[in-house]
Amino acid sequence: MRLSRYFLPVLKETPAEAQIASHRLMLRAGMIRQQAAGIYSWLPLGYKVLSKLEQIVHEEQQRAGHIPVLMPTLQPADLWRESGRYDDYGQEMLRIRDRHDRDMLYGPTNEEMITDIFRSAIGSYKQLPLTLYHIQWKFRDEVRPRFGVMRGREFLMKDGYNFDLTKEDALHAYNRHLVTYLRTYERMGLQAIPMRADSGPIGGDDTHEFLVLAETGESEVFYDSAITDLTFGDRAIDYDDKAQCQAILEEFTSRYARTDETHDEAVFNQIPEERRRKARGIEVGQIFYFGTKYSEPMGATVTNEKGEKVPVHMGSHGIGVSRLVGAIIEASHDEKGIVWPDPVAPFGVGVVNLRQGDAATDAACEDAYAKLAAAGLDPLYDDRDERAGAKFATMELIGLPWRLAIGPRGLANGTVELTRRRTGETMELSLESALAKLAP
RNA sequence: CGGAGCGUAGCGCAGCCUGGUAGCGCAUCUGCUUUGGGAGCAGAGGGCCGGAGGUUCGAAUCCUCUCGCUCCGACCA
């Protein structure tokens, strides 16, 4: 992409309303524009990152055999009357009436609707297990939206739902989701720690929240520092292997890690003092097992081997995709701007023309741009008629992992400058060597 | 939902107390000079002063109502 033809409305000054780093940087980098309290348009740069996160989520869900669907944002109130949540949910649910005076709502979550879909088509235990998920916009009419996309009213969430014959199978689905989430967050360059949490209005017995440690997090968390040494890595996983998934759950949840809702000071104090950590975290996902809470009242049953109709065991599992954009920035930025982890960066490399209009420099930049694009590196070429300083500042603000600076000074020696955003480390080398380094 | 603020040019702000030509910086446009860390000079464009009522000869400014947004707290998949 040529910056001169792109839409990247960066701001030199910080809008007054933005309090935390991710919100400030998203506005300054031209990623989002606020349309109302807690409601944002996603501009090209932000949308690109959001799409990359979605893609990673899709890949990891489907790797585990979970099946994508897409449910609507608007739902009929009657479904929610069946589960009893139409009255329970409170004012966070945006209620709408259509032209025929039918009660509708903008979905804050989809347990009822997915249960309805399930019951309309599935009747036998032989069709289980089944896990369906979608990535769709949700609306929760928060009393006080804040922190940009971190606590918006409208937000993009992946929500998945498992249907199983027995509690044991459903708990395997729970474990399987935990495993997929560990890999998902790690692929995004994040450390998200599963912590025992409170189930809240979804209800249920078992639940873990995934938290990214960050000073601006809304949750207070307590953990054993040994847990931050764990990495998922590139493990080969058989998602149908119950023992393997169970072992991973135990590996990642055996150390103390809890939010303030479930914190137990006495247990916490048994950890050696030097490993006790109290910090703040951003909740980026949650998994639940809730059994027959919805299947029973809504009649989602299957016939088992003995010919009996039994309600299915369910769980739901969410990842806050739009919130993750903010969470990644909170976890990865410096005083100059965003520092994207490579896998989620909106562009792979930024090409900076240090002397726009100089024939030799322009030609060298065009050449580099074409080669980077051909190598699949998705370059962003800053070909604006700006001075070098302004281009550097923009590149640092939007946080691309690599910057390739080309100017007459280097060209005289046959070199370009390759700079790593995260470290600031700069190498002067030939274009060919730079290409080899970027696309080995 | 309690408390506190703020709405003036695309962004950041001043002006309001004490009523009388709507301003500053950045950004934008034009020209010239510049050109390796957010350039300089000269010129130009851009405003329903959130909205509606009211007071007044006259309202960005005073009064009333209203809408929107933000912050602190409570709440929060």
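Remember, it's a predicted structure, so these values are computed and weren't measured experimentally. Heavy atoms only: backbone and side chains are in, while hydrogens, waters and symmetry mates are out. Quick note on labels: first sequence line is chain A, next is B, and so on, each numbered from 1.
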*Asks:* So, under a plain 3.5 Å distance rule, would you say the side chain of A:T14 forms a donor-acceptor pair with the base of B:G12?
*Replies:* no
*Asks:* From the list B:C1, B:G37, B:C71, which nucleotide is the closest neighbour of the side chain of A:F392?
*Replies:* B:G37
*Asks:* What contact category does A:A36 fall into here, base, sugar-phosphate, or nothing, at under 4.0 angstrom with non-hydrogen atoms?
*Replies:* sugar-phosphate
*Asks:* Please tell me if A:Q91 has a side-chain N or O lying less than 4.0 Å from either OP1 or OP2 of B:C75.
*Replies:* no
*Asks:* Near A:Q35 CD, under 6.0 Å, is it more than 12 heavy atoms from other residues, nucleotides or ligands?
*Replies:* yes
*Asks:* Is the base of B:G38 touched by the side chain of A:R28 through a donor-acceptor pair closer than 3.5 angstrom?
*Replies:* yes
*Asks:* What is the distance from CG of A:D88 to P of B:A77, rounded to the nearest Å?
*Replies:* 14 Å
*Asks:* Record whether the side chain of A:E13 comes under 3.5 Å of the base of B:G25 through a donor-acceptor pair of N or O atoms.
*Replies:* yes
*Asks:* For B:G12 and B:U70, measure between their C1' atoms and round to the nearest Å.
*Replies:* 15 Å
*Asks:* Check A:R258 with A:E220, please: is the shortest side-chain N to carboxylate O separation under 4.0 Å?
*Replies:* no
*Asks:* Could you say whether A:L397 or A:R33 is positioned toward the 5' end of RNA chain B, judged by the nucleotide with the nearest heavy atom to each?
*Replies:* A:R33
*Asks:* Would you mind pulling out the nucleotide paired to B:G45, Watson-Crick or G-U wobble, both distances under 3.5 Å?
*Replies:* none
*Asks:* Would you indicate what A:G318 reaches in the nucleic acid, counting non-hydrogen atoms under 4.0 angstrom: base, sugar-phosphate, or nothing?
*Replies:* nothing
*Asks:* Among the candidates B:G36, B:C13, B:C11, find the nucleotide nearest to the side-chain atoms of A:A16.
*Replies:* B:C13
*Asks:* Between the side chain of A:T415 and the main-chain N/O of A:S430, is any donor-acceptor distance below 3.5 Å?
*Replies:* no
*Asks:* Measure from the side-chain heavy atoms of A:A388 and tell me the nearest of B:G38, B:A74, B:G36.
*Replies:* B:G36
*Asks:* Sticking with atom C1', work out how far B:G15 lies from B:G7, rounded to a whole angstrom.
*Replies:* 15 Å
*Asks:* So what does A:L354 touch, heavy atoms closer than 4.0 Å: a base, only the sugar-phosphate, or nothing?
*Replies:* base
*Asks:* Please check: side-chain N/O of A:K278 versus main-chain N/O of A:R276, any donor-acceptor pairing under 3.5 Å?
*Replies:* no
*Asks:* Taking the same atom, C1', in B:C17 and in B:U30, what whole-Å distance lies between them?
*Replies:* 42 Å
*Asks:* Compare every heavy atom of A:L25 with every heavy atom of A:G337, then report the nearest pair and how far apart it is.
*Replies:* CA-CD2, 3.7 Å
*Asks:* Can you see if the side chain of A:R140 gets near the phosphate of B:A77 - specifically, an N or O under 4.0 Å from OP1 or OP2?
*Replies:* no
*Asks:* State whether A:W402 and A:R421 meet the cation-pi test: NZ (Lys) or CZ (Arg) under 6.0 Å from the six-membered ring centroid, and within 45° of the perpendicular axis.
*Replies:* no
*Asks:* Using purine N1 to pyrimidine N3 plus N6-O4 or O6-N4 for Watson-Crick, or N1-O2 and O6-N3 for G-U wobble, both under 3.5 Å, which nucleotide pairs with B:G73?
*Replies:* B:C1
*Asks:* Look at all strands and tell whether A:R403 reaches a base, only sugar-phosphate, or nothing, counting heavy atoms closer than 4.0 Å.
*Replies:* base
*Asks:* Would you say a side-chain N or O of A:K12 is under 4.0 Å from OP1 or OP2 of B:A27?
*Replies:* yes
*Asks:* Taking atom types as modelled and ignoring hydrogens, do the side chains of A:Y181 and A:H317 form a donor-acceptor contact shorter than 3.5 angstrom?
*Replies:* no
*Asks:* Please figure out whether A:E283 or A:G38 has its closest RNA chain B nucleotide nearer the 5' end.
*Replies:* A:G38
*Asks:* Considering only the C1' atoms, how many Å lie between B:A74 and B:G38, rounded to the nearest integer?
*Replies:* 43 Å
*Asks:* Examine the base of B:U70 for any acceptor or donor lying under 3.5 Å from a partner atom in the side chain of A:R146, and report the outcome as yes or no.
*Replies:* no
*Asks:* Choose from B:A77, B:G38, B:C69 the nucleotide whose nearest atom is closest to any side-chain atom of A:A37.
*Replies:* B:C69
*Asks:* Just compare B:G36, B:G38, B:U35 and give me whichever is closest to any side-chain atom of A:A390.
*Replies:* B:G38
*Asks:* Within the structure shown, what part of the strands sits under 4.0 Å from A:G357 by heavy-atom distance: base, sugar-phosphate, or nothing?
*Replies:* nothing
*Asks:* Ring centroid separation for A:H66 and A:H177, is it under 6.0 angstrom?
*Replies:* yes
*Asks:* Rounding to an integer number of Å, can you tell me how far A:I32 CD1 sits from B:C11 C1'?
*Replies:* 15 Å
*Asks:* Categorize A:Q19 for me: base, sugar-phosphate, or nothing, with a 4.0 angstrom heavy-atom threshold over every strand shown.
*Replies:* sugar-phosphate
*Asks:* A:Q75 CD to B:A77 P: how many Å, rounded?
*Replies:* 18 Å
*Asks:* Say we look at B:A4 and B:G10: how far apart would their C1' atoms be, to the nearest angstrom?
*Replies:* 29 Å
*Asks:* Would you kindly give the CD-to-C1' distance between A:Q136 and B:A77, to the nearest whole Å?
*Replies:* 16 Å
*Asks:* Does B:A60 have a Watson-Crick or wobble partner in any strand here, with both distances under 3.5 angstrom, and which is it?
*Replies:* none
*Asks:* Let's see if you can work this out: which of B:C13, B:G36, B:C69 has an atom nearest to the side-chain heavy atoms of A:Q34?
*Replies:* B:C69
*Asks:* May I have the distance from A:R144 (atom CZ) to B:C72 (atom C1'), rounded to whole angstrom?
*Replies:* 6 Å
*Asks:* Would you mind pulling out the nucleotide paired to B:U55, Watson-Crick or G-U wobble, both distances under 3.5 Å?
*Replies:* none
*Asks:* Can you tell me the pairing partner of B:C13 across any strand shown, Watson-Crick or G-U wobble, with both distances under 3.5 angstrom?
*Replies:* B:G23
*Asks:* Using atom P of each nucleotide, how far apart are B:G2 and B:C75 to the nearest Å?
*Replies:* 15 Å
*Asks:* Atom CD of A:Q35 and atom P of B:C67: how far apart are they, to the nearest Å?
*Replies:* 21 Å
*Asks:* Take atom OH of A:Y40 and atom C1' of B:U70, then tell me their distance rounded to the nearest Å.
*Replies:* 11 Å
*Asks:* Would you kindly give the CG-to-P distance between A:L27 and B:G10, to the nearest whole Å?
*Replies:* 17 Å
*Asks:* Taking syn as within 90° of 0 and anti otherwise, name the glycosidic form of B:U21.
*Replies:* syn
*Asks:* With P as the reference atom in both, quote the distance from B:G40 to B:A27 in angstrom, rounded to an integer.
*Replies:* 8 Å
*Asks:* Measure from the side-chain heavy atoms of A:E396 and tell me the nearest of B:A77, B:G37, B:G38.
*Replies:* B:G37
*Asks:* Is there a donor in the side chain of A:Y294 and an acceptor in the side chain of A:R85, or the other way round, less than 3.5 Å apart?
*Replies:* yes
*Asks:* With rounding to whole Å, what would you report as the distance between B:C16 and B:U8 at their C1' atoms?
*Replies:* 11 Å
*Asks:* If we call it a pair only when both distances are under 3.5 Å in a Watson-Crick or G-U wobble match, what pairs with B:G7?
*Replies:* B:C67
*Asks:* What is the base-pairing partner of B:C32, counting Watson-Crick and G-U wobble geometry with both distances under 3.5 Å?
*Replies:* B:G40
